[in-house]
Colleague: 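I have a structure I would like to understand better, so I am pasting it below and will then ask my questions one at a time.
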Amino acid sequence: MRILVAGLTFVGLVAVAAAQPPAPPPPPTNVDSMAAWGERMGQWGQKYGEQMGRWGESLGQAVSQAVGDSSLQGAVNNDPDVMRDPEVKAALKRYIQYSVHHDPHTAEARQQFQDALHRAMDRHHRRFGGPHGVPPVPPVPPMPPMMAPPGSSMTDAMRRDIDRARHDPASISIPATSAFTVGMRSVDSTAKLDQVVATVDGPIEVSGLVEGDVVSVDGDIHVHPSGHITGNAFAAHGNVVVMPGGQVDGEIRSLPEAIGPMSPIAAAPKAGRSPWRSLELSIAWLCLALVMGIGVLTFSGDRLDAASLSLSEQFGRSLLFGIIGLLAVIPVGVIIVVLLCITIVGIIVAPLAAIAYVLLVLGVAVLGFTAVAETTGHAFYRKRAHALTDRGARLRAVVTGIAIYMGLWVVAAAAGWIPVAGALLHVIASAVTFIALASGFGSVIATRYDARKAARGETRIPDASSLPGMAWQTPTPVGGVAAARRPTPPPSQTPSS
Amino acid sequence: MRLTLLAVALTWSSASAQEWRTLDVTRQLRDPAPLNVSITYGAGTFTLGPATGPDLYEMHLRYPTGRTAPVATYDAASHSVHLGIKSQNFTMPGGDVDQNELHIGLARGVPLDLSTEIAAADVKIDLGGLAVQQLKLKTGATDATLAFSSPNTIRMRSMDLTVGAAGFKATGLANANADHIMLRAGIGDWDLYFDGTWTGDITLDAKVGLGSLTIHVPDDVHVEQNVKAVLGAVDGGHERTGHDRAAAPARDTSDDEDADTSDDDSSVDNVVARATDAAVAKATAKGAKPVVVKTKDVTIVKLRDTTQAPRYTLHLVGSATLGEITVDHKLGGAGGQ
């Protein structure tokens, strides 16, 4: 019995293996013609038919070996699928058991098996309606996308593809959509066309003369040896194949892969470079600088006075100190961090020190820039200084100076759309801002430098009395000169009185 | 676990995948007039060489959409073409950037004014067989190789090489057929091989910043250097300009050779030694300076003619700011006519 079952299993496996259909032919590529694909499909069908025949033969042999009865064998040969019917399988099993054990009911079981076989064949015949013995045809491999037949109407998808090709950054000379034909198009060797040849969803075979461009969307362009295109040959989502002898006077351009417009990320100008965005940023910086300037004037008036005095007294020196200081910012920071990292404690402190250093540099820059703004503002209102109180005059000077310097950026941003003037204004604003930052930065450094030297008694204290209008100030060893309220003339000396 | 990691990796890669596009541009050769070629490229792989077909130029560009804007414009009036990309958003090195590729082929026989600017790419340029009359190569952070595998078919007016911060190797520079080569190098290691066919003296104007420039010249080419070593070093030149050329220590003209092969077997050493001595004596009698070169299998006695000047000279000028310029004389002989 075991031998019988094993034999049945083996034969069944062989039959199933033999019944595996051959691999369908690969879908045609762009360069393959439909005729070649059809030929391969024919070869596939022939091969499949041969294998189906072997499959049926194997099944017949299996049943024949199992049953050993010519009448049953013929029935099963006609319809091998009935052997998979549950009733038939149960009847066959019972018959085999009786037969193996020489049971007296063997004949009865055989009759039951035949009856079950007939019933199954009837059911199978009613279900599929075809002749017995023919296995169901497996699904035909899916048809690859075919080129539209010539003369087909243009679909919305085709129009979208044309638009995508038109907006591809690498496309050239796409004619109007109405100029496109649909499907395959040929230019015979005797033909001479003096117009653009454009086709969607089909190849273009050029064997004659085309005096103009040849454009194909979703298809190839084949320029045969006798073909001549005086314009460009452009295939979007396709290839241009120029055979030896074929001539294209213009450019041969292919976009074989995806086509379409550039994504906004690459197509749009960078956000920071749009004129409106630049204007927003410059105004925001103006407001921020005003807030910081007023804050410096309020909370660090003494240091601001010292820096302003240094600027007024020695602008060139402040500028030199500033340039050197700005150049030294990064190296000094690196040196500090490296030196700190020598020790374990320093490694722990280094991040905090780096942050403190950055804040210190920013603070010096803000203080210096405000000093420059105040000095500029004072110069701007030099003839009307008496119109306000001292504190009001300083506030007006700071605001005016910041507005002048940052206003340059606002103007430059507003004129950013003008090709030459915008760029020129940006250059001017950059240069002025750099000079202001450098001189302000240098003024703060120079002030601290002078203060330290004065503290050691190595240098002179700035003689404020030598400066016009500064005789009222008192030099100090710390800040160079300390802020003091300017003495106001007695009412009797005012011109109005 | 491995499958999980693989699945995660595949998911991530597919999520981060983007659309790639290909642009193939070709123009058939119709007019052999000189062509101005301008090439700009960002990150990826860049190759440049002779066209494979009868084309004026051919370009194959593969690029990711959204990051790169291609350019391929031809101006018939000025007979100029601009190929490559016109903009590229910032991308981190590695990853899919390495899949960017640009190949350009140029026509043989058409005089070319070639200007190339490459930002950060793996550059391989072989201009052998082309007719380059002017070359400007500007590279950024690239690993670039420039080769003249065969002689340039016309005289090159100028060759300007501006190398940023990366490695640069130029081979077959004698094939370039250029009188004047200018090199501006920033940071990195650079090797210039003056092998190939020498047709005249060459002036190399090299200004290097921080790095090492090694100039490989044939042993029969005279090197005359006048390089300012600002804070760097210059080593290996035959002499400085204005010195007596006869003082050059190495002038190799292998006009005559006597060779004697020998085995490593010690039993034949005496025979080899006698043959060598005879060859040296013969050379001395001719008034030549013999040089014995022993290799594993061969002993060669070369005769250096001390009375004949080298045919070609490499004039080395420029400066080494913080870098080093070294002249290496180990190339083979100049194959000039």
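The chains referred to below are lettered A, B, ... by the order of the sequence lines, with proteins before strands, and numbering in each begins at 1.
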Colleague: Starting from the C-alpha separation in whole Å, work towards a yes-or-no answer on side chain to side chain donor-acceptor pair (under 3.5 Å) for B/T73 and B/H82.
Modeller: CA-CA 5 Å; B/T73 56; B/H82 183 194; 4.5 Å; no

Colleague: Looking only at side chains, do A/T199 and A/S216 share a donor and an acceptor under 3.5 Å apart?
Modeller: no

Colleague: Salt bridge check: are A/R159 and A/D156 linked by an N-O gap of less than 4.0 Å?
Modeller: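 Salt bridge present between A/R159 and A/D156.
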
Colleague: Of all the residues in residues 55-63 of chain B, which have a heavy atom that comes within less than 4.5 Å of a heavy atom in chain A?
Modeller: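 Near chain A, by residue number: B/Y57, B/R62, B/Y63.
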
Colleague: With sequence neighbours excluded, tell me which residues meet side chain to side chain contact (heavy atoms under 4.5 Å, CB included) with A/I336.
Modeller: A/V332, A/L340, A/Y357

Colleague: List the atom pairs, with distances to 0.1 Å, where a side-chain N or O of residues 108-119 of chain B and a protein N or O form a donor-acceptor pair under 3.5 Å, not counting sequence neighbours.
Modeller:
residue	atom	partner	partner atom	Å
B/D113	OD1	B/Q133	NE2	2.9

Colleague: Chain B heavy atoms under 4.5 Å from A/I172: which part of the residue, side chain, backbone, both or neither?
Modeller: neither

Colleague: Apply side chain to side chain contact (heavy atoms under 4.5 Å, CB included) to B/D31 and list each qualifying residue two or more places apart in sequence or on a separate chain.
Modeller: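 Side chain to side chain contact (heavy atoms under 4.5 Å, CB included) list for B/D31, sorted by chain: B/A33, B/H79.
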
Colleague: In terms of side-chain geometry, is the basic nitrogen of B/D122 or B/K124 positioned less than 4.0 Å from the acidic oxygen of its partner?
Modeller: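 Looking at B/D122 and B/K124, the cut-off is met.
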
Colleague: What part of A/V242 lies closer than 4.5 angstrom to a heavy atom of chain B: side chain, backbone, both or neither?
Modeller: side chain

